[in-house]
Enquirer: 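Have a look at this one before I ask anything.
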Amino acid sequence: MTMRLRFAPSPTGYLHVGGARTAVFNWLLAQSAGGVFVLRIEDTDRARSSDEHTQVILDGLSWLGVTWDEGPFFQSEGVERHRADALRLLAEGKAYRDFSDPEQVRAEAKERGMHPSKVAREQADALGADGSDQRAVAGDPFAVRFRVPDGEAVFHDLVHGEMRFGSDDVDDLVILRSDGTPTYNLAVVSDDAEQGITLVLRGDDHLSNTPKQVLLYQALGYAQPTFAHVPMILGSDGKKLSKRHGATAVGDYSGQGILPEAMFNFLALLGWSPGDDREFMSIEELTEAFSADRLLKSASVFDTEKLEWLNGRHLAARPTEELVRALEEGLDGPGVERLGDPVWTAALLELIKPRSRTMNDLVEQARPFVTDDLAFDDKAVEKHWLKSPGEARERLSALLEAFSGVAWTHDELESALRGAAAKLEVGAGKVIHPLRVALTGNMASPGIFDVLVQLGRERSEQRVNSALERLAEAGAEEHESLS
RNA sequence: GCCCUCAUCGUCUAGUGGCCUAGGAUAUCGCCCUCUCACGGCGAAGACCGGGGUUCGAGUCCCCGUGGGGGUACCA
């Protein structure tokens, strides 16, 4: 029998990393086992669901590379079937009409220290089958409750093993509301059965719902699937992941320059491991290594730092052409046409790749090389220029002179610069730092000779010249304030 | 309250009764490389939640606590 799996998000918000991880596990299992992966949107809560949210979820899955074989199906399309299932249980005496007022039942249950469903069942039994029929015919509104049979609900869970729940701990649940709409627990069972799902892999927040569902499978005469309840993903404080923790939607991370394959890799490693020491893995390797029996039981914390480290590794592994495309999208204004030179751009990428963890980093690192509109870091300017504008000027003009005759190569520039520094009787660093600010506007950059070569003679000299102008102004002001 | 569930370095994890003096990764710190920042290399520090059992032997099995999470809805 081919394995059939499903991912069934509710479109009540964005695609949460926890949901994304569940989708990743399902996908991985379907791929590695040659199974079928079904996508179902659980949109029965019309008030909170929206097409917009559905689209965000679909986009998020596509971004991650999670593809589905069937669907998306919409739970709302199955309401007639859900209702028919509920009514069948009622007809077979496996469910009963509940005419009671929820408020009143809750109050009474609280007073008598019992569960509301017990009170509801008591009232229904007191009414009797005939009484129930009469009130129904008379048009009294009622909900339908499942009459939980005595015995045990048993199911097999791939991560928790055999699970047994006594029916005493399962309460008679409403399966059809008094407005005629089906409830979640009935709808999932009906849909999973209809769609032939053989393995339900979902978050363990559903673990306590499972006995109810198992009992419904049996009452309805549907084949019961195997389950796999995977642990939840927590925020950095060990609490349930929420907006407080910042980004929790996969879309947020793509906006921050996280690569989909890195996110996929990271999510796959949350609650699962290949059993050896591999961490940096391609989707192919993950598919190859994945197996449900290595799924973990305990919740894990979503650690952004490690995600970024992993992203850096995936970024370094990306083919140059793809990174170029990202730079083209991330940068604009005069100068971007330089990216059209594949040799120049490839060289640039070699310089900035090891210094970048996210795509956003990469774009920012590339900026001073690509555009001529430099953004100066105030701290860098203060430290390497304005502390002593005179010295900075002297050193930069010396460099301009020293560079004027030499071939524009890493080694030639290096000996020219070191020679100039020696002549000024200062360490090479003393000239390198003001030069770095002139060329990049920043305190940190790739090696200074690489920067010079990458910028080329003309642009390098222009930048040094405009630095000198700025320093001349600063020097004049300094003079004024001193006099 | 009741029911369920989980528990190894800060974090992700390896560990299925002797291979554990508890391994790896990340983060942190130090050193090396060096013009800065990264990368890289080397090194340090860092964990079996507590208590009882079972056993010749327990991180690993059992029980009880404690802590976290979930459920207990005419939400999904």
Side-chain angles (χ1 to χ4, degrees), chain A residues 8-12 42-45 47-49 75 98 100-102 105-106 113-117 120 141-145 157 159-160 163-166 168-171 173-185 187-188 203-212 229 231-232 234 236 238-240 266 269-280 294 296-310 312 316 351-357 361 365 380 384 414 417-418 421 427-433 435-437 440 442-449 451:
Chain A
S10 317
T12 51
E42 306 212 317
D43 59 344
T44 39
D45 186 353
R48 290 197 295 152
S49 301
Q75 190 158 62
D98 175 4
S100 64
D101 171 45
V105 166
R106 217 168 304 146
M114 52 203 287
H115 191 93
S117 69
F142 59 88
V144 176
R145 263 184 206 275
D157 190 295
V159 351
H160 297 275
M163 304 290 290
R164 315 182 82 91
F165 290 78
D168 289 349
D169 294 323
V170 185
D171 306 303
L173 59 143
V174 169
I175 53 178
L176 211 56
R177 299 186 189 92
S178 44
D179 65 1
T181 59
T183 59
Y184 169 75
N185 284 112
V188 225
D204 70 7
D205 46 334
H206 287 287
L207 197 52
S208 305
N209 280 326
T210 309
K212 303 172 196 170
H229 287 98
M232 309 195 68
L234 275 20
S236 46
K239 301 280 183 209
K240 196 175 170 178
F266 181 72
L269 259 23
L270 238 38
W272 177 84
S273 83
D276 49 38
D277 287 337
R278 285 181 295 168
E279 294 202 294
F280 170 61
R294 292 197 58 85
L296 260 24
K297 292 175 173 178
S298 54
S300 41
V301 171
F302 191 92
D303 179 9
T304 315
E305 302 250 31
K306 192 153 186 177
L307 203 212
E308 289 189 353
W309 163 76
L310 200 52
L351 296 184
I352 61 178
K353 237 171 20 179
R355 281 162 243 273
S356 308
R357 287 198 152 189
D361 286 345
Q365 301 265 6
H384 297 301
E414 175 156 12
L417 181 142
R418 291 194 189 282
K430 293 279 187 234
V431 298
I432 287 174
H433 294 306
L435 177 60
R436 168 169 290 115
V437 178
T440 67
N442 289 321
M443 205 111 96
S445 82
I448 200 70
F449 307 109
V451 173

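Chain letters run A, B, ... following the sequence lines, proteins first and then strands; every chain starts at 1.
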Enquirer: Which is true for Thr210(A) with a 4.0 Å heavy-atom rule: it touches a base, it touches only sugar-phosphate, or it touches nothing?
Expert: nothing
Enquirer: Need one value for Gly447(A): base, sugar-phosphate or nothing, where a base atom within 4.0 Å counts as base even if backbone is also close, heavy atoms only.
Expert: base
Enquirer: Both distances under 3.5 Å, Watson-Crick or G-U wobble: report the partner of rC29(B), or none.
Expert: rG43(B)
Enquirer: Just how far, in rounded Å, is P of rG10(B) from CZ of Phe302(A)?
Expert: 21 Å
Enquirer: Report which part of the nucleic acid Ser298(A) touches: base, sugar-phosphate, or nothing (heavy-atom distance under 4.0 Å, all strands).
Expert: sugar-phosphate
Enquirer: Applying a 4.0 Å non-hydrogen cut-off, can you work out what Arg278(A) is touching in the nucleic acid: base, sugar-phosphate, or nothing?
Expert: nothing
Enquirer: Taking any heavy-atom pair under 4.0 Å as a contact, classify Thr44(A): base, sugar-phosphate, or nothing.
Expert: sugar-phosphate
Enquirer: Whole angstroms only, please: what is the CG-C1' distance between Asp171(A) and rC2(B)?
Expert: 10 Å
Enquirer: As a test of understanding, state which of Asp98(A), Val105(A), Asp171(A) forms a side chain to side chain contact (heavy atoms under 4.5 Å, CB included) with Ser117(A).
Expert: Asp171(A)
Enquirer: Going by purine N1 to pyrimidine N3 plus the second Watson-Crick contact, or the G-U wobble pair, all under 3.5 Å, which nucleotide sits opposite rG1(B)?
Expert: rU72(B)
Enquirer: Please determine whether any donor N or O and acceptor N or O are separated by less than 3.5 Å between the side chain of Lys306(A) and the base of rA25(B).
Expert: yes
Enquirer: When you compare rU13(B) with rC6(B), how far apart are their C1' atoms, in angstrom units rounded to a whole number?
Expert: 16 Å
Enquirer: Using the C1' atoms only, state how far rA25(B) lies from rG69(B), rounded to an integer number of Å.
Expert: 26 Å
Enquirer: Would you mind classifying the nucleic acid contact of Ser10(A) as base, sugar-phosphate or nothing, using non-hydrogen atoms under 4.0 angstrom?
Expert: sugar-phosphate
Enquirer: Nearest whole Å is fine: how far is rC3(B) P from Lys212(A) NZ?
Expert: 16 Å
Enquirer: Just to be sure I understand the rule, does Leu296(A) reach a base, reach only the sugar-phosphate, or reach nothing, if contact means heavy atoms closer than 4.0 Å?
Expert: sugar-phosphate
Enquirer: When you check the phosphate oxygens OP1 and OP2 of rG1(B), does a side-chain N or O of His115(A) lie under 4.0 Å from one of them?
Expert: no
Enquirer: Can you say whether a donor on the side chain of Arg436(A) sits under 3.5 Å from an acceptor on the base of rC35(B), or the other way round?
Expert: yes
Enquirer: Rounded to the Å, how far apart are Lys297(A) NZ and rU16(B) C1'?
Expert: 11 Å
Enquirer: If rC49(B) has a Watson-Crick or G-U wobble mate with both distances under 3.5 Å, name it; if not, just say none.
Expert: rG65(B)
Enquirer: Has the side chain of Asp303(A) got a donor or acceptor atom sitting under 3.5 Å from an opposite partner on the base of rA27(B)?
Expert: no
Enquirer: I need the CG-P distance between Asp168(A) and rU72(B), as an integer number of Å.
Expert: 18 Å
Enquirer: Contact class for Arg357(A) vs. all strands (heavy atom < 4.0 Å): base, sugar-phosphate, or nothing?
Expert: sugar-phosphate
Enquirer: Rounded to whole Å, how long is the line connecting atom CZ of Arg106(A) with atom P of rU72(B)?
Expert: 13 Å
Enquirer: RNA chain B: Ser117(A) or Phe165(A), which has the more 5' nearest nucleotide?
Expert: Phe165(A)
Enquirer: Need the pair for rU54(B). Rule: Watson-Crick or G-U wobble, both distances under 3.5 Å, any strand; none if unpaired.
Expert: none
Enquirer: Would one find a side-chain N or O of Ser445(A) under 4.0 angstrom from OP1 or OP2 of rU36(B)?
Expert: no
Enquirer: Rounded off to whole Å, could you give me the CG-to-C1' distance for the Asp277(A) and rA22(B) pair?
Expert: 14 Å
Enquirer: Using the C1' atom in both, what is the distance from rA47(B) to rG30(B), to the nearest Å?
Expert: 22 Å
Enquirer: How far, in whole Å, is rG71(B) from rG18(B) if one measures between their P atoms?
Expert: 38 Å
Enquirer: Quick one: which of Asn209(A), Thr210(A), Asp204(A) gives a side chain to side chain donor-acceptor pair (under 3.5 Å) with His229(A)?
Expert: Thr210(A)
Enquirer: Roughly how many Å apart are rC61(B) and rC48(B), using the C1' atom of each and rounding to a whole number?
Expert: 15 Å
Enquirer: Output yes when at least one side-chain N/O atom of Arg294(A) is less than 4.0 Å from OP1 or OP2 of rA14(B), else no.
Expert: yes
Enquirer: Determine: side-chain N/O of Ser300(A) to OP1/OP2 of rU13(B), distance under 4.0 Å, yes or no.
Expert: yes
Enquirer: Check the distance between rU26(B)'s P and Leu270(A)'s CG and give it to me in whole angstrom.
Expert: 16 Å
Enquirer: Measuring only the C1' atom in each nucleotide, how far is rA76(B) from rC39(B)? A whole number of Å is fine.
Expert: 47 Å
Enquirer: Remember a base hit wins even if backbone is also touched, and classify Glu279(A) as base, sugar-phosphate or nothing at under 4.0 Å, heavy atoms.
Expert: base
Enquirer: Mind checking if Asp179(A) touches a base, just sugar-phosphate, or nothing, with heavy atoms under 4.0 Å?
Expert: nothing
Enquirer: On RNA chain B, nearest-nucleotide positions of Ala299(A) versus Pro446(A): which is more 5'?
Expert: Ala299(A)
Enquirer: Looking at rC20(B), which nucleotide sits across from it as a Watson-Crick or G-U wobble partner, both distances under 3.5 angstrom, or is there none?
Expert: none
Enquirer: NA contact type, Ala143(A), heavy-atom cut-off 4.0 Å: base, sugar-phosphate, or nothing?
Expert: base
Enquirer: Applying the Watson-Crick and G-U wobble criteria at under 3.5 Å, what pairs with rC35(B)? Answer none if nothing qualifies.
Expert: none
